[in-house]
Amino acid sequence: MTKEERAIALTLLISFLYGLGFLIQSGVFILPMPLFPLFSLVAGGYICISNFQVSQVSAGLFISALFFKFLLSTFFLMFVLREQSYISFLKSAVPEVLKLLYYALIILGCLKLLLNALTKRRLIYAITFLVIFSLAFQLKAQYLIGIGFVFVFVLTKIEKDELQVFGLIPFLLAVFEFSEWVFTGFVR
């Protein structure tokens, strides 16, 4: 297991142990979903910084996307804004612009990984990924975003190119997307 894989495993383990600790204390398994953007920024940032020389473009795209996602998180906003400012911030266009930047950067980062493959199928991979993400936005289906991230992760593992390490970031985001979907969709 590489150090990047260990960072992802440790991040997921921390989330699971938090839920397990909450289960032992109160009888309910709850994951720390408000902390997911922070966890993904720390783990993804570690991957991007330690592999910056492998691909500066991929590292820049992913770390920027994760930073914008963290800026949008309730966890961060509650620290820097008062309640009234937080409410007016959410009513403004700024969160939507930041969300748009996040999705644009994460899609560009994933496309960079898919198009870097040495096979002739790389264009098919990229188009399939874009179709999955388009359907996710059209249907407002969070699980399709997770499927898109898993698609990128699996293909980076299959193709085994030098950017394979950056495929761990979509894997982490996929696990967090599926977790949020399961807990917000089924546990109501």
Side-chain angles (χ1 to χ4, degrees), residues 4 6-50 52 58-110 133 136-150 152-153 166 168-188:
E4 291 85 4
R6 275 184 258 152
I8 296 299
L10 183 63
T11 302
L12 295 174
L13 183 64
I14 288 170
S15 297
F16 178 75
L17 288 177
Y18 176 87
L20 191 61
F22 204 82
L23 176 68
I24 292 169
Q25 289 178 353
S26 60
V28 179
F29 186 79
I30 296 178
L31 291 175
M33 288 185 284
L35 296 177
F36 284 173
L38 175 64
F39 290 166
S40 59
L41 178 65
V42 171
Y46 173 74
I47 291 170
C48 291
I49 290 170
S50 63
F52 188 73
S58 294
L61 287 170
F62 280 118
I63 196 71
S64 300
L66 295 173
F67 183 70
F68 282 122
K69 183 175 179 118
F70 177 70
L71 287 179
L72 281 169
S73 69
T74 305
F75 176 76
F76 173 74
L77 293 174
M78 293 306 264
F79 276 112
V80 297
L81 299 175
R82 293 189 179 131
E83 185 178 353
Q84 194 63 22
S85 301
Y86 176 72
I87 292 169
S88 56
F89 175 78
L90 289 179
K91 291 180 180 178
S92 70
V94 176
E96 294 303 317
V97 170
L98 290 176
K99 198 180 296 182
L100 183 66
L101 282 171
Y102 162 70
Y103 281 119
L105 290 169
I106 204 74
I107 288 170
L108 287 173
C110 289
F133 252 73
F137 292 133
Q138 200 71 7
L139 301 174
K140 295 182 176 139
Q142 191 173 13
Y143 63 91
L144 283 177
I145 293 174
I147 289 171
F149 286 144
V150 168
V152 172
F153 170 70
F166 291 106
L168 292 170
I169 296 171
F171 173 73
L172 179 65
L173 293 174
V175 171
F176 286 160
E177 289 288 335
F178 285 130
S179 299
E180 286 183 32
W181 175 67
V182 166
F183 276 91
T184 58
F186 294 124
V187 186
R188 283 191 182 184

### Message
Before you tell me yes or no, could you show the steps for Phe178 and Val150 under side-chain contact (heavy atoms from CB on, under 4.5 Å), namely the whole-Å CA-CA distance, both residues' side-chain angles and the distance that decides it to 0.1 Å?
### Response
CA-CA 10 Å; Phe178 285 130; Val150 168; 3.8 Å; yes
### Query
When you look at Lys69 and Ile106, which way does the side-chain contact (heavy atoms from CB on, under 4.5 Å) test go after all the steps?
CA-CA 10 Å; Lys69 183 175 179 118; Ile106 204 74; over 6 Å; no
### Task
May I have the step-by-step check of side-chain contact (heavy atoms from CB on, under 4.5 Å) for Leu23 and Ile30, ending in yes or no?
CA-CA 7 Å; Leu23 176 68; Ile30 296 178; over 6 Å; no
### Task
Could you please spell out the steps behind the side-chain contact (heavy atoms from CB on, under 4.5 Å) verdict for Ile8 and Ile47?
CA-CA 9 Å; Ile8 296 299; Ile47 291 170; 3.7 Å; yes
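Between atom CG of residue Leu90 and atom OG1 of residue Thr74 there is a gap of 7.5 Å, rounded to the nearest 0.5 Å. Atom-to-atom distance recorded for Ile169:CD1 and Ile63:CD1 is 7.0 Å, nearest 0.5 angstrom. From Leu101, atom CG reaches atom CZ of Phe68 across 4.5 Å, with rounding to the nearest 0.5 Å. Atom CG in Leu41 sits 12.5 Å away from atom CG in Leu35 (nearest 0.5 Å). The CD1 atom of Ile147 sits 11.0 Å away from atom CZ of Phe133, with the distance rounded to the nearest 0.5 Å. Taking CG from Leu108 and OG from Ser58, the interatomic distance works out to 10.5 Å, rounded to the nearest 0.5 Å.
Nearest heavy-atom pair across Phe79 and Phe75 is CD1-O, 3.0 Å. The two residues Phe52 and Ala59 have their closest heavy-atom pair at CD1-CB, 3.7 Å. Nearest heavy atoms, Gly45 versus Leu66: N-CD1, 4.4 Å. Minimum interatomic distance between Glu180 and Gln142 (heavy atoms only, all atoms of both residues): OE1-NE2, 3.3 Å. Contact detail for Glu4 and Leu168: the closest heavy-atom pair is CB-CD1, 3.7 Å. Considering every non-hydrogen atom in both Leu77 and Leu71, the closest pair reads CD2-O, 3.5 Å.
When the options Phe29, Phe39, Phe176 are evaluated for a ring pair (Phe, Tyr, Trp, His ring centres under 6.0 Å) with Phe16, the one that passes is Phe29. Each of Ser40, Cys110, Pro37 was compared with Leu173 under the side chain to side chain contact (heavy atoms under 4.5 Å, CB included) criterion, and only Ser40 meets it.
A centroid separation of 6.0 Å or more is found between the aromatic rings of Phe153 and Phe149.
Looking only at distances, a side-chain donor or acceptor of Ser15 sits under 3.5 Å from a matching main-chain atom of Thr11. Using modelled atom types, no side-chain atom of Ser64 and backbone atom of Leu61 make a donor-acceptor pair closer than 3.5 Å.
Applying the 6.0 Å contact sphere to OH of Tyr143 captures no more than 12 heavy atoms from other residues, nucleotides or ligands. Shown here is Phe67, whose CZ atom has no more than 12 heavy atoms of other residues, nucleotides or ligands within 6.0 Å.
Contact annotation: the side chain of Pro32 never approaches that of Ile14 to less than 4.5 Å [non-hydrogen atoms, C-beta and beyond]. Residues Ile145 and Tyr103 form a side-chain contact, since some pair of their non-hydrogen atoms from C-beta on lies under 4.5 Å apart. With contacts defined as side-chain heavy-atom distances shorter than 4.5 Å, the pair Leu38/Phe70 qualifies.
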